[in-house]
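We use all heavy atoms of the structure for the numbers below, so side chains are in, but hydrogens, waters and symmetry mates are not. As the structure is a computational prediction, the values presented were derived from the model and not from experiment. Chain letters run A, B, ... following the sequence lines, proteins first, then strands; residues in each count from 1.
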There are 2 protein chains.
Amino acid sequence: MLNSKAFKALAHPVRRDILKRLRDGQLSAGEIADAYDMSKPSLSTHFAVLKSARLIQAERKGNHIYYRLNVTVADEVLSGLMDMFGIEKEK
Amino acid sequence: MLNSKAFKALAHPVRRDILKRLRDGQLSAGEIADAYDMSKPSLSTHFAVLKSARLIQAERKGNHIYYRLNVTVADEVLSGLMDMFGIEKEK
DNA sequence: GAACTAATTAGAGAATATGTTAAACAGCAA
DNA sequence: TTGCTGTTTAACATATTCTCTAATTAGTTC
């Protein structure tokens, strides 16, 4: 399929929550991690899944790594879903 | 979460393909199953996952069970994704 | 009732996903 | 160098997912 990884990435509630947090702008890995009662390696794994699906992009700034939503891929997922459901995009 | 089951259901390529087939109207379980090189029980399990997520609805007609897309839930998933991604619905 | 068709459920096994701790590693800054 | 931020790897435990065969249920037809 076109973007199987993205749909798999969206299957986990924590990963969906991370994406929601990134909706309004970038956040550092630590800022995100603080919001979850989960070990850092586990969070890092979730970041890696999202990154592998290209749903997020990483950029290092000094000591921190900032993540931001990849809107292009988000749009692709939405378009794919609308096509799947036969829903027309009203422009 | 609001619709965790739907996102999990969408994580499997066969289930996404089934939804696509139902885009243009209902199909019987057998008609769908014929399209896949997979045992009927396995397909039935996929139907059950989609049904549990309310993405499809079943109706028995005689010996056959017809499945159709639940457009309402499909719309909910799309809206949820657009909200998640901060993408506005252009009306 | 018996035979037949369509589809699901049950149970088992394999594979994948998720999470942990502990340790090592990478990159940057003071 | 030392410390901070974050990722990666390893070893491990547990849970879920996926697929199969075999058995069962539901409905039709004779």
Side-chain angles (χ1 to χ4, degrees), chain A residues 1 3-22 25-70 77 84, chain B residues 1-22 25-70 73 77 84:
Chain A
M1 298 291 123
N3 203 347
S4 206
K5 275 188 184 179
F7 284 108
K8 281 201 177 184
L10 290 169
H12 198 288
V14 165
R15 291 193 293 261
R16 289 197 301 278
D17 200 62
I18 291 170
L19 291 174
K20 212 165 183 174
R21 282 174 200 279
L22 295 175
Q26 61 180 18
L27 291 170
S28 74
E31 286 169 336
I32 299 170
D34 286 345
Y36 302 94
D37 184 22
M38 186 178 287
S39 72
K40 293 206 169 203
S42 296
L43 254 301
S44 260
T45 302
H46 286 306
F47 293 147
V49 171
L50 289 168
K51 234 188 319 181
S52 167
R54 293 172 48 246
L55 280 164
I56 61 173
Q57 293 170 311
E59 183 188 1
R60 178 179 279 276
K61 281 182 188 170
N63 252 348
H64 297 263
I65 295 177
Y66 285 92
Y67 289 109
R68 64 169 171 282
L69 189 65
N70 185 342
V77 171
M84 185 186 308
Chain B
M1 301 288 123
L2 209 73
N3 206 345
S4 205
K5 276 187 182 177
F7 284 109
K8 282 202 175 181
L10 289 170
H12 198 288
V14 166
R15 290 193 294 260
R16 290 197 300 278
D17 200 63
I18 291 170
L19 291 174
K20 213 164 182 173
R21 281 173 201 279
L22 295 175
Q26 61 179 19
L27 291 171
S28 73
E31 285 170 336
I32 300 170
D34 286 346
Y36 301 93
D37 185 21
M38 185 178 290
S39 74
K40 292 198 171 207
S42 296
L43 256 298
S44 253
T45 301
H46 286 307
F47 295 149
V49 172
L50 289 167
K51 233 189 320 181
S52 168
R54 292 174 48 245
L55 280 164
I56 61 173
Q57 292 169 314
E59 183 187 1
R60 178 180 278 276
K61 280 182 188 168
N63 251 350
H64 298 261
I65 295 178
Y66 285 91
Y67 287 108
R68 65 169 171 282
L69 189 64
N70 186 343
V73 173
V77 171
M84 183 186 310

Please check: side-chain N/O of [X] versus main-chain N/O of [Y], any donor-acceptor pairing under 3.5 Å?
X: A:His12; Y: A:Val14; result: yes
X: A:Asn3; Y: A:Val77; result: no
X: B:Arg16; Y: B:Leu10; result: yes

I need the [X] [atom1] to [Y] [atom2] distance, nearest 0.5 Å.
X: A:Ile32; Y: A:Lys40; atom1: CD1; atom2: NZ; result: 11.0 Å
X: B:Gln57; Y: B:Leu22; atom1: CD; atom2: CG; result: 11.0 Å
X: A:Leu55; Y: A:Arg15; atom1: CG; atom2: CZ; result: 10.0 Å

Any side-chain N or O of [X] less than 4.0 Å from the OP1 or OP2 oxygen of [N]?
X: B:His64; N: C:dT5; answer: no
X: A:Ser28; N: D:dG6; answer: yes
X: A:His12; N: C:dG19; answer: yes

What does the list of N/O pairs under 3.5 Å between the protein and nucleotides 21-28 of chain D look like, with a distance for each?
from	atom 1	to	atom 2	distance (Å)
D:dG27	N3	B:Asn63	OD1	3.4

Provide, to the nearest angstrom, the distance between the [atom1] atom belonging to [X] and the [atom2] atom belonging to [N].
X: A:Tyr66; N: C:dG27; atom1: OH; atom2: C1'; result: 15 Å
X: A:Asp37; N: C:dT20; atom1: CG; atom2: P; result: 8 Å
X: A:Asp17; N: C:dT18; atom1: CG; atom2: P; result: 15 Å
X: B:Arg15; N: D:dT19; atom1: CZ; atom2: C1'; result: 12 Å
X: B:Ile65; N: C:dT5; atom1: CD1; atom2: P; result: 17 Å
X: A:Ile56; N: D:dG6; atom1: CD1; atom2: P; result: 13 Å
X: B:Met38; N: D:dC18; atom1: CE; atom2: P; result: 10 Å
X: A:Glu59; N: C:dC28; atom1: CD; atom2: P; result: 12 Å

(request) Could you list by number each residue of residues 45-54 of chain B showing a heavy-atom separation from DNA chain D of less than 4.0 Å, or answer none if no residue does? (result) B:Thr45, B:His46
(message) Any non-hydrogen side-chain atom of B:Leu27 less than 4.5 Å from a side-chain atom of B:Ile18?
(response) no
(message) Any heavy-atom pair between the side chains of A:His64 and A:Gln26 that's under 4.5 Å?
(response) no
(request) Could you pull out the closest heavy-atom pair between A:Leu50 and A:Ala9, with the gap in Å? (result) CD2-CB, 4.1 Å
(request) Under 4.0 Å between any heavy atoms, over every strand shown, what does A:Tyr67 touch: base, sugar-phosphate, or nothing? Just pick one. (result) sugar-phosphate
